[in-house]
Colleague: 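The structure follows.
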Amino acid sequence: ELLSLRQQRLQGFLLSVESICGEPAGSRGFGWSEDCVSTMVDQFRITEGASGARLTFRDRVLRASGTTVAPGFPHPDARALVVPAEDGRSDVLMRAARSDLVLTIQFDSADVLPFSTDPSLVTGHPGEVFLTDPEGRFMTTPLYGGGSGTPPGARDLEPLRDCRAFAGERIGPDYRGVETIHGFRPVPAIGGGCIDAHISYADVLAEAERLRADLIR
């Protein structure tokens, strides 16, 4: 899983920066080479493709790199926390700790959660697959929504509300108000987002009618 691999790299970075840039400092506990820490954090952020990174030791910020990292950290049961970005989209926050040394790093959700909205994923029909964050905001661009963000009323749709609790199927309107067949599944790794795959109910009936016509010829 991509988030698990990233989490492993975050933990590996903490071990490296502690070994290379830190040293015991007597009764003060631990000392850090500021130039060393700054170089390592900056390089790690760039290599990982993150927009921002913050390394702290106890209550002290050792290095803040890139854009300002959002406050908060993932729930213990989740590997990442979805946070709103300045442009209205969603970012993903990840955190790793090694004793008092903590790294928090922020990614564009499109980079850390690559996700296809190819309609062919829905049984070859003109359907749609999309990902939302725990608040119902789209983390992938809806095919019929005209951009990122959340179309009016989307987060209140019954399938998305149900998705926060369990996986299942349902017939109901999509974010356009079109009657669709939904298959949905929660995403615990990001704290309760949702994957929704759906196809127009009319399209399904049309296919059934074509099959019926072929059988009675």
Side-chain angles (χ1 to χ4, degrees), residues 1-7 49 51 70 72-95 106-211:
E1 186 184 61
L2 290 174
L3 289 177
S4 294
L5 291 174
R6 285 188 180 269
Q7 186 68 38
S51 56
F73 53 89
H75 186 274
D77 295 332
R79 294 187 179 90
L81 173 69
V82 177
V83 294
E86 292 181 359
D87 59 2
R89 299 182 63 187
S90 297
D91 277 357
V92 171
L93 203 66
M94 298 188 69
R95 182 176 183 266
Q106 188 164 329
F107 302 89
D108 184 317
S109 61
D111 295 330
V112 72
L113 296 171
F115 191 79
S116 175
T117 55
D118 183 352
S120 65
L121 292 176
V122 191
T123 64
H125 294 286
E128 181 178 11
V129 183
F130 60 79
L131 176 68
T132 73
D133 70 13
E135 299 302 319
R137 292 183 293 262
F138 282 106
M139 297 181 68
T140 55
T141 302
L143 292 181
Y144 310 105
S148 59
T150 307
R155 73 185 63 188
D156 297 322
L157 291 176
E158 226 169 82
L160 293 186
R161 292 203 305 271
D162 289 344
C163 187
R164 297 168 190 173
F166 60 89
E169 296 78 33
R170 178 182 290 277
I171 296 175
D174 66 3
Y175 57 89
R176 302 167 294 165
V178 175
E179 195 75 359
T180 57
I181 299 175
H182 299 261
F184 51 88
R185 182 176 297 276
V187 188
I190 60 173
C194 180
I195 294 175
D196 187 332
H198 64 236
I199 181 172
S200 163
Y201 189 66
D203 287 337
V204 174
L205 290 182
E207 181 67 20
E209 286 298 319
R210 282 194 292 271
L211 291 173

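Atom set for the values below is all heavy atoms of this structure, side chains included, hydrogens, waters and symmetry mates excluded.
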Colleague: Please report the shortest heavy-atom distance between Met94 and Ala80, naming the atom on each side.
Modeller: CG-CB, 4.1 Å
Colleague: What pair of heavy atoms forms the shortest contact from Phe107 to Gly49, and how long is it?
Modeller: CD2-O, 4.1 Å
Colleague: Which heavy atom of Thr180 sits nearest to which heavy atom of Pro173, and what is that distance?
Modeller: OG1-C, 4.2 Å
Colleague: Mind checking the NE2-CD1 spacing from His182 to Ile171? Nearest 0.5 Å is all I need.
Modeller: 9.5 Å
Colleague: List for me each residue that meets side-chain contact (heavy atoms from CB on, under 4.5 Å) alongside Leu81, sequence neighbours excluded, and say none if there are none.
Modeller: Pro74, Val83, Leu93
Colleague: Please report the shortest heavy-atom distance between Asp91 and Ser51, naming the atom on each side.
Modeller: OD2-OG, 4.3 Å
Colleague: Can you name the closest pair of heavy atoms from Ala197 and Val129 and give their distance?
Modeller: CB-CG2, 4.0 Å
Colleague: Rounded to the nearest 0.5 Å, what separates atom CD in Gln7 from atom CZ in Arg95?
Modeller: 10.0 Å
